[in-house]
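A note on names: the letters A, B, ... follow the listed sequences, proteins ahead of strands, and every chain is numbered from 1. All values reported here derive from a predicted model rather than from experimental measurement.
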Number of protein chains: 2
Amino acid sequence: MYGYQLRVEFEASTGATWPLNIGQVYTTLSRLERDGLIEPDADADGDGKVTYRITDAGRERLGDWFSTPLERHGRPRDELAIKLAMAMTTPGVDVRAVVQRQRTATLRALRDLTRLKAQADETADAAWLLVNESMIFQAEAEARWLDHCETQLTASGRTPRSTTTGTPKEVAP
Amino acid sequence: MYGYQLRVEFEASTGATWPLNIGQVYTTLSRLERDGLIEPDADADGDGKVTYRITDAGRERLGDWFSTPLERHGRPRDELAIKLAMAMTTPGVDVRAVVQRQRTATLRALRDLTRLKAQADETADAAWLLVNESMIFQAEAEARWLDHCETQLTASGRTPRSTTTGTPKEVAP
DNA sequence: CGACACATGTAACACGTTACATGATTTG
DNA sequence: CAAATCATGTAACGTGTTACATGTGTCG
């Protein structure tokens, strides 16, 4: 395939969920070629289009990727968890407010995702559907966790240091 | 606080879950100072230790961070979802095997996390506990999603193109 | 003819991450 | 005294991401 085609394909399979800048496709293709995982296809209709072909090394790497499960280490740290942890440790922050705002946002996202799922069901693109459902499961887990956080907060120290419901501007050094 | 101290603090609050290279602390501190969010504290015991203090700009940014909920956009794309989607689209890949291997890994991680939770409960560090529980919720969601994927696979096209249970080395171009 | 889809690329930036270099102080 | 802990930094790499520059073909 060639770059433009790859982007169209990717966007079709994930929808507006994961927008992909076309520039990145080309930079990535360059890097893949640099690493010898793909190579430009010699016998392709040279209409300005640059078709790439996977190499043996690339095929091996792809196989490794598929056969090696992802470990929790090596995944990017979860910003939300960090934020909540920091909010609890930092004096002068209304943790409840942070949780509630996030909860609202998460539920809204969940609603949007569910709406998208309807579309995905129609088009019957299996890959698209799974990606969508993955995000739904994640959003649900996030919502549950936030609820859990709130109950924990209510249960233990009930000392809302800051009564301000709005933006907490004052944070200790 | 000074760099070394920050790292100790962070490690204490997240445990071995998120190891943090000390070098990164210093690079990050430099970048924060570059952006005027923190500044070296003039009147500090100059024992070689470099104490930093948050600036007004920094305090504002921190407040913004706490008060602005995370949107699903802008978060890193989920590698697992991509992998599964790709596995389905790529001919010659035993998707079931991929799912099962991942499921095993996820359940193992879940077991480890639960074990860690026991420790977190003892030390009663609220922040650490929440981070831990966040990861548990996520892992559970992942497991549920994987199960869901498997049932979906069984339900629809039951055409295990590759009977090989082991590593699928042959992948189409 | 002008707008739009098709098609490719480059330069630059930010950030996470690691490896390496260095020195002071404590402690078994 | 040697080893470990405390403490700071720098150079470099890889990757995700964006903004920008460029050109061709098509069609209303």
Between B:Tyr2 and D:dA7, does any side-chain N or O lie under 4.0 Å from OP1 or OP2?
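Affirmative; the distance criterion is met.
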
What integer distance in Å separates [X]:[atom1] from [N]:[atom2]?
X       : N      : atom1 : atom2 : answer
A:Leu29 : C:dT8  : CG    : C1'   : 11 Å
B:Gln5  : D:dA7  : CD    : C1'   : 11 Å
B:Leu6  : D:dG9  : CG    : C1'   : 15 Å
B:Glu9  : D:dA7  : CD    : C1'   : 16 Å
B:Ile82 : D:dT15 : CD1   : C1'   : 14 Å
B:Leu32 : D:dG9  : CG    : C1'   : 16 Å
B:Lys49 : D:dC6  : NZ    : C1'   : 8 Å
A:Tyr26 : D:dG16 : OH    : P     : 18 Å

Side-chain H-bond candidate by donor/acceptor type, A:Thr55 with A:Glu39, under 3.5 Å
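No, A:Glu39 and A:Thr55 have no side-chain donor paired with an acceptor closer than 3.5 Å.
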
Under a plain distance cut-off of 3.5 Å, with no hydrogens placed, do B:Gln100 and B:Thr104 share a side-chain donor-acceptor pair?
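B:Thr104 vs B:Gln100: no donor-acceptor pair found between side chains.
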
From NZ (B:Lys83) to OG1 (B:Thr90), nearest 0.5 Å:
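Reported to 0.5 Å precision, the distance equals 12.0 Å.
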
Just verifying a value: how many Å separate A:Leu113 CG and A:Ser134 OG, rounded to the nearest 0.5 Å?
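It is 9.5 Å, given to the nearest 0.5 Å.
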
Classify every nucleotide of nucleotides 15-22 of chain C by which part a protein heavy atom approaches to under 4.0 Å, writing B for the base, S for the sugar-phosphate alone and - for neither, in 5'-to-3' order.
BBBB----

Over 60° means perpendicular and under 30° means parallel, so tell me whether B:Trp18 and B:Phe10 are parallel, tilted or perpendicular.
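Parallel: the ring planes of B:Trp18 and B:Phe10 meet at under 30°.
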
Do the side chains of B:Arg61 and B:Asp64 get close enough for a salt bridge, i.e. N-O under 4.0 angstrom?
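The answer is no: the pair does not qualify as a salt bridge.
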
